[in-house]
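Only a predicted model underlies this, so the values are computations on that prediction, with no experimental measurement involved.
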2 protein chains.
Amino acid sequence: MAEPRYQRRKEDRPREIAEAAFEVFAEKGYQAARIDEVAQRAGVSKGLTYLYFKTKEELFKAVIRGVVIRRVDRLLDAVESTELSSEEFLRGPMLEFMKGIPGSRVSVVIRLLMAEGHRHPDLVEYYYDNVVAKGIRTISHFVERGVERGEFRKTAVNDFPQLFIAPMMLSAIWKMLFETRSLDTDRLMETQVDMILAHIKA
Amino acid sequence: MAEPRYQRRKEDRPREIAEAAFEVFAEKGYQAARIDEVAQRAGVSKGLTYLYFKTKEELFKAVIRGVVIRRVDRLLDAVESTELSSEEFLRGPMLEFMKGIPGSRVSVVIRLLMAEGHRHPDLVEYYYDNVVAKGIRTISHFVERGVERGEFRKTAVNDFPQLFIAPMMLSAIWKMLFETRSLDTDRLMETQVDMILAHIKA
DNA sequence: AATATTGCTGACCAGTCAGTCATTAAGGAT
DNA sequence: ATCCTTAATGACTGACTGGTCAGCAATATT
C-alpha cells in the first residue's frame, strides 16, 4: 500500500531530462543553468541525469541537437513537392515558415549558440551543416528553379539566399531582447518578400 | 634602486580594467569570465578591480555602455550634415558604416546582450534607447527626407527601417559563428541596398 | 626628513556547484 | 516468496570563485 517512491522508466527518462534541460538552458543560458534544477524539473534526482548524460556539456549538446532538425527538413520537402508557383510558394508556405521562427525554440537555439558557440566548435559545425547550409541550399535551389521556369530573372539575389532570411533573424533577435517594444515582425518579413519579388520577377 | 612594485595611476586604472574586462567578456561571456583574469590582464590585483567597480555586474554594465555610443552618434551627425544625395549617401557613408559593424566591438556587444540580456533588463533598456531606437529613428528620418526631396517614393520601407540593417545583423552573427565558412558580407549588404533603392527610387 | 594619505596588494572566506558513489529499492525472473 | 539485476537516489567531495579587508608601500605634504 505504500506508494512506490519512484518508477523505473528507462525508456522515457532521457527525453524527459533533455526536455527539462532545454527549458533551463533557455532561461538561464549554459553557464548559469544548474544540473540540480534540470533534475528537479524532470522530477528526478541529480545523479540520474549523470547516468544518461556523462557531463553537463554532453547534455547541452544533446539538447541543442534535438531541437531543430525536423523543421528544416520539412521546408526542404515542401519546396520539392509543392505544386504552387514560385511566387505563391514564397508568399504562402515559405513566409509561414519564417514567421514561425521568432519566438520558437529555434531562436532559443540561436541565442545559445551565439552565447556558447565559441567553446563548442563541433556543435557549431553540426548546426551549420545540418541547419544553416541545408537551409541556404534549399533556398538557393528554389530561386534557381524559379529562374529555369522563367518565373524569375537571374540577379544578385541568386548569390545571396541569405537575403530571404535576414529579416527573420533580425526579428528573432528583436523579439528576444525587446519583446515589449513594438515591431510587427510578420509584416517586416512580408515587406522583404514583396521587395525581393518585385526585384526578381521576370 | 629596487624597482617600485607598482605605480599609483588612479586616473588610468578604470579604463585599463574596463579594457581588459571587455576582452575577457568577449572571449568567455559574462558568467564564465573570471575577475581574476580581468585583473591579471590589466596588470593589477583582483582587489583593485573591486575598488573601481563594486561588483562583477557593475563592471559588465560599465563595459557594455562604454562601447557603442559614439558610433551611432557619428552616423546620426553624418545624416544631418551630408550634402550628398540620398542615394549617394546610402551607397557611400551608410554602407561603409554598416560594413564596419560585423567583426567590430558592436557585434560582441550584441552577442553579450543576447546571451545575458535576460538578467540585466536595465542594460537592455539603455541599449535600446541609446543605440537601437536612435539608429532606427535616424534611418527613418533619412528615408522620409528622401521622400520630401522627391528622391524616394513613399513605400512600406518607410515603416520598416529595420530592412536596411537586417543583412548587417545577419552578417554580424554569421561572422561570429561561422567565420571560416565563406559569405561575402559586404556584397550581401550592398545587394540589399541595391534592391531597396530600386524599390523606392522615385 | 618625518608624517600623512591613499592606491594597491594578496591571502582569505564563505558559498556554490559539477560530478561521484555507496546504498536503496523497483520490478522482472525463477 | 525469493533472488537478482539495475534504475534511481541523495549525501558528499573537491575545486573554484566573487567578494573582503588588514596591511603595505608609493606619493603628496609639511
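- Atom P of nucleotide dA22(C) and atom OH of Tyr50(A) are separated by 18 Å, given to the nearest angstrom.
- Taking atom CD of Glu58(B) as the reference point, atom P of dG19(D) lies 10 Å away to the nearest angstrom.
- Listed nucleotides dT24(C), dT9(C), dG19(C) differ in distance to Arg5(B); the shortest reach to its side chain belongs to dT9(C).
- Screening residues 55-94 of chain B for ring pair (Phe, Tyr, Trp, His ring centres under 6.0 Å) gives Phe25(B)-Phe60(B), Tyr30(B)-Phe60(B), Phe60(B)-His120(B), Phe89(B)-Phe142(B) as the qualifying pairs, with residues at least two apart or on separate chains.
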What protein N or O atoms touch nucleotides 28-30 of chain C N or O atoms at under 3.5 angstrom, if any, and at what distances?
none

Identify every side-chain donor-acceptor pair in residues 95-104 of chain B under 3.5 Å, counting partners at least two apart or on other chains, and give the distances.
from      : atom 1 : to        : atom 2 : distance (Å)
Lys99(B)  : NZ     : Glu190(B) : OE2    : 2.7
Ser104(B) : OG     : Ile101(B) : O      : 2.7
Ser104(B) : OG     : Val106(B) : N      : 3.0

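- Listed by residue number, the members of residues 33-47 of chain A with any heavy atom below 4.0 angstrom from DNA chain D are Val44(A), Ser45(A), Gly47(A).
- Residues satisfying the side chain to side chain donor-acceptor pair (under 3.5 Å) test with Arg187(A), not counting sequence neighbours, are none.
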Please tabulate, one pair per line, all N/O donor-acceptor pairs under 3.5 Å involving side-chain atoms of residues 8-15 of chain B, not counting sequence neighbours.
from     : atom 1 : to       : atom 2 : distance (Å)
Arg9(B)  : NH2    : Glu16(B) : OE1    : 3.1
Arg9(B)  : NH2    : Glu16(B) : OE2    : 2.3
Arg13(B) : NH2    : Gln7(B)  : O      : 2.8

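- Applying the side chain to side chain donor-acceptor pair (under 3.5 Å) rule to Arg70(A) yields no partners; only residues at least two apart in sequence or on another chain are considered.
- Residues satisfying the salt bridge (charged side-chain N to carboxylate O under 4.0 Å, His left out) criterion with Arg137(B), sequence neighbours excluded, are absent altogether.
- With sequence neighbours left out, Glu151(B) forms a side chain to side chain donor-acceptor pair (under 3.5 Å) with Ser86(B).
- Atom CZ of Phe60(B) and atom P of dG18(D) are 14 Å apart (whole Å).
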- Tell me, for nucleotides 2-7 of chain C in 5' to 3' order, what letter each nucleotide earns: B for a base near a protein heavy atom under 4.0 Å, S for only sugar-phosphate near one, - for neither? ----BB

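- Ion pair Glu116(A)/Lys28(B) not flagged as a salt bridge, since none of the NZ, NE, NH1 or NH2 atoms sits closer than 4.0 Å to an Asp/Glu carboxylate oxygen.
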Exercise answer: donor-acceptor pairs, residues 161-178 of chain A side-chain atoms, under 3.5 Å, sequence neighbours excluded:
from      : atom 1 : to        : atom 2 : distance (Å)
Ser171(A) : OG     : Pro167(A) : O      : 2.8
Trp174(A) : NE1    : Arg181(A) : O      : 3.3

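- Atom-to-atom, CD1 of Ile17(B) to P of dG18(D) comes out at 15 Å; the value is rounded to the nearest Å.
- Residues meeting the side chain to side chain donor-acceptor pair (under 3.5 Å) test with Lys46(A), sequence neighbours left out: none.
- Salt bridge annotation for Glu58(B)-Lys61(B): absent, with no cationic side-chain nitrogen under 4.0 angstrom from a carboxylate oxygen.
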